[in-house]
Structure formats: C-alpha cells, structure tokens
Amino acid sequence: MDFQKLSFTIAVLCIALLAQIAAGAEPLYHTCTTYKNFTANRDYDRNLNILLNDLYYNTPASGYKYISVSGKKSKNDSVYGSALCRGDISKADCQICVFEAAKVIRQICPYHIAANIWYDYCSLEYSNFNDFGYPLSTGYFIRSEFRVSSPLSSLAQIQKFLYGLSDEASASKNLFAKGIIEIEGHLLLYVYGLVQCPLDLTPANCSTCIKGRIDDLSDLFDGKGAQFVSATCNVRYEFYPFFKP
Ligand SMILES: *[C@@H]1O[C@H](CO)[C@@H](O)[C@H](O)[C@H]1NC(C)=O
Ligand SMILES: *[C@@H]1O[C@H](CO)[C@@H](O)[C@H](O)[C@H]1NC(C)=O
Ligand SMILES: *[C@@H]1O[C@H](CO)[C@@H](O)[C@H](O)[C@H]1NC(C)=O
C-alpha cells in the first residue's frame, strides 16, 4: 500500500469514527411546522433532498450557507434552506454535524413543509418561504445541567462580558465571538461565553438579537449556564469549558 492510499484510508477511518461520535450527539431542539405537509416522492420532496445534500457539501467550516432550489413546474415546490456551523469548529466537524442534522430532520419531520434543528455544532433549517429566520421570536432557551453556587452579584459582570462578546461578534466578519472571564471575588471560577449570528444578518441586527437575548437570559440566572438558540442568533454561557479555550 503506498503512502497516499494509506493516508486516504486513515482519513476515511477517522471520518467514520467521528461520524459515530457525532451520531451520538442529540439535537438540542427541533421544530416541525404542522400547517402544511408535502407529498412523498413529488417535486418538493426531491428538491428538499437536493437542498440538504447541497448544504452538506457546501457549508463552510465556521460559516453559513444559504441555498434555494427552484421548483421546475411550480413555484410552490421551491425550497429555501440554510445551515450554520459554530464559528470555532473544523470543516470536518461542520460537515459531520450538517450531515447528521439533514438526516435526522428528515426522520423527525418526515413530510413537514418547514423545519429547524439545532445541535451544539450546527443548525439547519428549510422552508417553502424565502423569509425564514424572522421574526426573532422563534427561538428556545435551554438550561444547562451544570450548576455552581454563584451569587447573583455576578450577574452584572456576566452580562457585561456577554455584551462585550456581542460587540466583538458584530464587528467580526463571521459574526462570531467567544471568550472566558474569571468571576470577580471567586478565584478560578470562570464563565465561558459564545455568541453567533448567521451571515444573512446585518451587524446591527445581529447585535440587537444577541443583546435582547442576553437580557432575557438574565431572568434565568441562578448559577446554571443557559443558551438561546434561534434562526437569527445563538447566545450561550456556561460555568464549564464547552469549547477549546
Ligand atoms: C402534517 O403531518 C403531521 C404529522 O404527521 C400532522 O400532525 C399534521 O396535522 C399534518 N398537517 C396537515 C396540515 O395535514
Ligand atoms: C400553489 O399554491 C397556491 C396556494 O396554496 C395554490 O392556490 C396554487 O394552486 C398552487 N399552484 C400549483 C401549481 O400547485
Ligand atoms: C434590522 O435592522 C433594521 C434597521 O435597524 C430594522 O429596520 C429591521 O427591522 C431589523 N430586522 C430585524 C429582523 O430585526
């Protein structure tokens, strides 16, 4: 076996292994719209498969991809979709996550005309309308299981830290920022924060979405981490490292 073949085999084995690990990752949340369903094996079904396949191949690492597939016979069969990978993961992790999301969304929302799914590393959505992602209200709060006995006085510091990440993200080219701070008066107690928007948002809209959610998250503050996922922005803070520092 020559070296090229060997390294190819190793790469394939690695992807298979990673796919198994990723396959174990449960979706954080999903929604299947129920107002309309499509028919199996008709144009919408086919176009949706084309779209999901395209997202898998074309979503860049730490990036965002929007794709539409036009209905040939009827505009009603057009599908619009997007995928967003977390800003700090590799191309391989991004592809594995989008692959899994595309597979699972078809299993749990089989003939639903529109759906969203969120994972730790990526999110994916599709719809028969070109206006998904709005309004901002379609999002979900997820509480962390991990709790620290942190006094409420840390709240202001954590909010300020997340506001800072929001400014950093909206000034960055991929609308993403993450960071770590040590809680004042608590030696070695750290907060890990991450914020991100899909690239179809303007920096101003991104900042509005993130800052609004930071204010909402503070209602939940009780020493547990929390995250907000939506089609317009993701905000997360935890008291343990959920990303590589
Ligand atoms: C679409 O399918 C789901 C699940 O099978 C069902 O709950 C829902 O009522 C259907 N919607 C319509 C409009 O038929
Ligand atoms: C497209 O959808 C609209 C609204 O549901 C319907 O009135 C129209 O007949 C559909 N067109 C085709 C070609 O199916
Ligand atoms: C984005 O920002 C513009 C200008 O501030 C505003 O008019 C628009 O409503 C915002 N869109 C969303 C979805 O927040």
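Start at 1 and go down the list; that is how both ligands and their atoms are numbered. Computation of the quantities below employed the complete heavy-atom set of this structure, encompassing side-chain atoms and omitting hydrogens, waters and symmetry-equivalent molecules.
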Exercise. Please confirm whether the backbone N or O of K73 pairs with a side-chain atom of D77, one donor and one acceptor, at under 3.5 Å?
Key: no
Quiz prompt | Those residues that, when tested against R42, pass salt bridge (charged side-chain N to carboxylate O under 4.0 Å, His left out) (two or more places apart) | solution = none
Quiz prompt | Salt-bridge present (K72, D43; N to O < 4.0 Å) | solution = no
Quiz item: By ring pair (Phe, Tyr, Trp, His ring centres under 6.0 Å), which residues pair with F161, not counting sequence neighbours?
Solution: none
Quiz item: Can you check whether Y192 and F243 have ring centres sitting under 6.0 Å from each other?
Solution: yes
Where does ligand 1 get N/O contacts under 3.5 Å from the protein, atom by atom?
unit_1, atom_1, unit_2, atom_2, d
ligand 1, 2 (O), N37, OD1, 3.3
ligand 1, 2 (O), N37, ND2, 2.4
ligand 1, 11 (N), T34, O, 2.9
ligand 1, 11 (N), N37, ND2, 2.9
ligand 1, 14 (O), N37, ND2, 3.3

Self-check item: Pairs involving residues 160-180, ordered by first then second residue, that meet salt bridge (Lys or Arg N to Asp or Glu O under 4.0 Å) (sequence neighbours left out)
Solution: D88-K178, D167-K211
